[in-house]
Amino acid sequence: GLAYEVELDSSYNLGKVSSPGNYLGGLVGEVERLAEIYESHNSGEVEGIAGIAPFAVGGLVGAVGYRDGDTDAGSWALIVDSYNDSPRVSGHSSVAGLVGLVGGDVDIKTSRNSAPIVADDDIVGGLVGWAYGDISIESSDNTGSITGASYVGGLVGANNSGVTTIVTSNNHGEITSIGQYQENLGGLVGYLVGGSIALSSNSVSGKVSTDPTKAWKVGGLIGLYTASFDLTITDSNNAAEITGDYAVGGLLGQAWSAPT
């Protein structure tokens, strides 16, 4: 349920969590302002029952700092030494292995997801679905398969405005794009707009599978990056097959800011 601030330490859930509504999480459904999770895990299936909802579904937390379209720029999700190894995490959109949606910043350290992630619409990530602030991911991994339509990433589905920093983190889960529209698909990040990004010492081995007649903006690391800031990639690599129709690259699908 909804809480203003939550801190969990050495806690876990083993039971199945299911709902036809929004904001669904293996540990916490919705947090208004601050979520801190340390050395905790979820092993129960997180099932959003099909339909126009559920929106914001996460293996650990559904949503932080988001309510009915309004985002809280001061909200924050901190996840440390935690993991989701549930049988599956499923929903409609903004679905992820750790946290589905954050209105502010996200910090993830030494955490992982191994559960298959399944969405029947957009914005899907191995660790984070959708964020509106700064994202920092360090020494964290996804090994679960990921299925969604567009805005799909091995670690992050989409970031709408903030700085994104990913260090020593990996995606080994296969990404499969479904549906009529397939765009903004990346081995690490699907879609980034409005802020700078720095990738350092990351790797991807999970294949990005699409309909090669209609998928576009598909990259081994990043699907689409568009902003007036810098995009920097250092010691990062993709070893997986990438398919698509156009704007398809082994590292970047499409970038509107010159990479260095």
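By convention here, the first residue in the shown sequence is residue 1.
When the side-chain hydrogen bond (donor to acceptor under 3.5 Å, both in side chains) test is applied to E174, the partners found at least two apart in sequence or on another chain are S209. In this view, S140 satisfies the side-chain hydrogen bond (donor to acceptor under 3.5 Å, both in side chains) rule with no residue, not counting sequence neighbours. Legend: residues meeting salt bridge (charged side-chain N to carboxylate O under 4.0 Å, His left out) with K109, ordered by chain and number and at least two apart, are absent.
Between I242 and V248, the closest heavy-atom pair is CG2-CG1, 3.8 Å. Across all their heavy atoms, G133 and S161 have their closest contact at N-OG, 4.2 Å.
Tested against W76 for a side-chain contact (heavy atoms from CB on, under 4.5 Å), the candidates V31, D107, V106 yield a single pass: D107. Of the candidates I222, V167, T164, I222 is the only one forming a side-chain contact (heavy atoms from CB on, under 4.5 Å) with L199.
Using a 4.0 Å cut-off between a side-chain N of Lys or Arg and a carboxylate O of Asp or Glu, R33 and E5 do not qualify as a salt bridge. In summary, K16 and E47 engage in a salt bridge, as defined by a charged side-chain N under 4.0 Å from a carboxylate O.
You'll find the side chain of T143 stays beyond 4.5 Å of the side chain of N113, heavy atoms only. Taking the side chain as every heavy atom from C-beta outward, S82 and L98 never approach each other to under 4.5 Å.
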Apply ring-ring contact (aromatic ring centres under 6.0 Å, His included) to residues F55 and Y66 and explain how you reach the verdict.
CA-CA 11 Å; F55 166 76; Y66 183 96; 5.6 Å; yes
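For Y38, the OH atom sits in a packed shell: over 12 heavy atoms of surrounding residues, nucleotides or ligands are nearer than 6.0 Å.
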